[in-house]
Amino acid sequence: MLNEKICKKRDELNKSIEEKKDYEEIYKLSVELDELIAEYYALKV
């Protein structure tokens with residue numbers, strides 16, 4: 001489930017980069033992705 005969220009967020013981030021969206025939006029998505037990845041690793045420990 002968390003893995004799916006990470007994949008979706010990564011795809012959303014990549015799409016926003018490809019579409020040259022506003023920096024703030026790209027940064028926000030990047031931070032959200034980082035938080036999901038950190039949560040994933042915390043569960044693996």
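As a basis for the values below, the full set of heavy atoms in this structure was taken, side chains included, without hydrogen atoms, waters or symmetry mates.
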Show me the side-chain donor-acceptor pairs of residues 26-45 shorter than 3.5 Å, one per line, residues at least two apart or across chains.
unit_1	atom_1	unit_2	atom_2	d
K28	NZ	E32	OE2	3.1
E32	OE1	K9	NZ	2.6

The salt bridge (charged side-chain N to carboxylate O under 4.0 Å, His left out) partners of K21 (sequence neighbours excluded) come to E19
With rounding to the nearest 0.5 Å, note down the distance linking CD in E25 to CD in E12. 7.5 Å
What is the distance from atom CZ of R10 to atom NZ of K8, rounded to the nearest 0.5 Å? 12.5 Å
